[in-house]
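Values below: every heavy atom of this structure, side chains too, minus hydrogens, waters and symmetry copies. Computed from a predicted structure; not experimentally measured. We name chains A, B, ... by the order of the sequence lines, and we start the count at 1 in each one.
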Amino acid sequence: MTLPVVEMHEVGKRFTKYEDAPMLVTAALRFRQRTRRSSLWAVRHVDLELGRGECLGLIGRNGSGKSTLLSMLAGVTAPTEGTVAVRGRVAPLISVGVGFHPELTGRENVYVNGIILGMTRKEIDSSLDEIVAFSELAAFIDTPVKFYSSGMFVRLGFAVAVQARPDVLLVDEVLSVGDLSFQLKCFDRMMAIKAAGTTIVVVSHNLNAVRIMCERTGVINAGALVFMGDTTEAISVYHDLLGEARHLEGGHLKDSPARVDGVARFEAVELLGPDGTPTRHLQGGDRATVRATIHFDQAVCEPTLGVGVVTESGGPAYSDSDRTVLSGPVTAGSVVAVTLSFRAALVTGSYTLALGLGEGDRAQVGTSAPLAFFVSSRPAADGVADLEGRFGVER
Amino acid sequence: MDSPPLGQGFVLEGELTPLPQLWSELWQSRELIAILARKDFYVRYRRASLGLLWAVGLPLFQALVLAVVFSRVVRVHTGSNFAVFVLIGMVGWTYFSNTLSVASTSIVDGSGLSTRIYFPRAVLPLVSVIANLYGYSITLVITLALCPLLGVGLGLHTLWIVPATALAVAVTAGACMVASALHVYFRDVRYLVTAAVIGWFYLTPVFYPLSLVHGLLRAVVVANPLTGVVELMRAATAGADADWAKTVVVSVIWTVLLLGAGASLHRRFNRVFTDLL
């Protein structure tokens, strides 16, 4: 009988926020009856089961409850309701180098850190060489870590955490530190310990890392696990949420001239993949189509269709317009179905696309709800556009 | 559900940590406490020039000042060697006050560690209790070595230093567990501790003998949990007050109360301290 390594049942966590810091003096003197406080559920009704060697991704917007969930898996905080069970040793990589003291040398810190992670002194003795080798710090292991660069810090921390042979490894944005070659090395090592039976939970905004590492991914929104399953689908679900959120925030694309409301409405906006089915996940270089219907509440003389694509950080990736396809004036009350076909020549990342309608180039008279989607492309390509460079050597 | 040993997983159901579990987790954390305490002590004195000398020199210097002031200026009569009388009292008092000051903020100060990984939070105040034991041992050995030079003979009675040390550690641990837990919630506890330590010193018979105080003041000094510790340390060296057994009983009662209060606070909040950090 094999029990799941990680089990969460109906887990909820409520945090109490104190408006002003409670003071013992005032409490004792009954100076103020009660400190003002409010509480909120950071996570609620979460069920989760993970077996040996599974790798689970957790994605969600900032403040959605990912970190709270991870803290409970680390055992750092107890759930307000429900049960959390972890069978085996947990090594949190929530921030590597936990407990490193700047005045102590690398070697001394390895011992402190190892014991914190639940290793015995003997275990550390026998794996010290391997830790030093993996971290590539042989020359600096007897130097106080305050002289280390941040990269060296992370390398040593990661080396200890992996060497602790945890049954559960919790990874929080750790892959974003260190140089590329070390990131790849960490990645390889994580895959190796996963193959050896370690269960891994990855929390990251780097959807690409999640996509590569995790076969299963959960999407957390407002403290609830809204989706659990195939990673590709999870990334789509996450982008649906992102799109909604940007819409609610009134997010619209930049460089819009004067906006005139109540002229035209975009409805039923959807993104179709190369096979013609709705999706939120494209492969780099795919031909995709955006479909929408425009309801004209007022007449438009010079209807101009436009599109804008922005990157995750909000920077412009692409914009374009066409004033010939909707030729001539459109009368009030008409409904027009439009499409935009484009090639997703983009590097890996999240993008938001919106369609717009203009009255010539004088005014913007309608904008569609933003559509968020994810592109997975070649790992080496970075930037915005994938120019599909091919390197060669001439003799 | 039964909880597996620490470091081998856990089951969290509700916020309480049952006392037997808390105890077994603490016991399993002894290697962690030891290494953190060594790190603590080491780090504190590695950088300072003259290093260790400060850990030992400061309390000895303070004892010297007190000895001069109260034997030459105020002329307190103790009936025994006043220098040893003050020195040995200072060793016990310094251990307690230094530890309590550091330990009361230890859970909050340790948030970098505790918000990322689980270990019983009582480890943090206990680390201070153990770390300060290094300095205590060194000053104690020096004081004992000085005794014959100052005309105080050592002998079988010096063995009283063993229960004295045990009592000092236990009462300090209790106070530190309570203060550190309270400080997570009430952030003014550190100031209250600082203030309390200043006043507490004068209510502890460090530089005056118990026989010198009378009436209500005497009752207060006898009720002081540290009086028993200081008297027991005197019993090992310069000689204790006639009433010393009574003060030791009071100290033991305090120790039990403080450890009980500390345990119940940690039982309740162990798993949720980090929510307030």
Would you indicate whether A:Phe140, at its atom CZ, is surrounded by more than 12 heavy atoms from other residues, nucleotides or ligands within a distance under 6.0 Å?
->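 Incorrect, the count does not exceed 12.
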Flag if over 12 foreign heavy atoms under 6.0 Å of CH2, B:Trp23 |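 At most 12 heavy atoms, drawn from other residues, nucleotides or ligands, come within 6.0 Å of this atom.
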Contact check, side chains of [X] and [Y], non-hydrogen atoms, under 4.5 Å:
X	Y	value
B:Val11	A:Val84	no
B:Arg271	A:Val76	no
A:Lys13	B:Asp275	yes

Taking B:Arg116 for the side chain and A:Ala74 for the main chain, is one N or O donor matched with an acceptor at less than 3.5 Å?
->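 Looks like no, no N/O pair under 3.5 Å.
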Ion pair present between A:Glu108 and B:Lys39, side-chain N to carboxylate O less than 4.0 angstrom?
-> no
Could you grab the distance from atom [atom1] of [X] to atom [atom2] of [Y], nearest 0.5 Å is fine?
X	Y	atom1	atom2	value
A:Leu117	B:Ile117	CG	CD1	4.5 Å
A:Tyr111	B:Glu31	OH	CD	10.5 Å
B:Ile33	A:Ile115	CD1	CD1	11.5 Å
B:Tyr118	A:Thr77	OH	OG1	11.0 Å

Step by step, work out the side-chain contact (heavy atoms from CB on, under 4.5 Å) result for B:Phe10 and A:Val90.
-> CA-CA 10 Å; B:Phe10 52 83; A:Val90 187; 3.9 Å; yes
Top contributor to chain B interface from A:His9, A:Arg121, A:Glu81 [non-hydrogen pairs under 4.5 Å] | A:Arg121
Which one, A:Gly82, A:Gly75, A:Pro166, A:Ala91, leads in non-hydrogen pairs under 4.5 Å with chain B?
->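 Of A:Gly82, A:Gly75, A:Pro166, A:Ala91, A:Gly75 has the most heavy-atom pairs under 4.5 Å with chain B.
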Checking [X] against chain A: side chain, backbone, both or neither under 4.5 Å from a heavy atom?
X	answer
B:Leu32	both
B:Ser114	backbone
B:Leu16	neither

Taking every heavy atom of B:Leu12 against every heavy atom of A:Pro79, the minimum-distance pair comes out as CB-CD, 3.6 Å
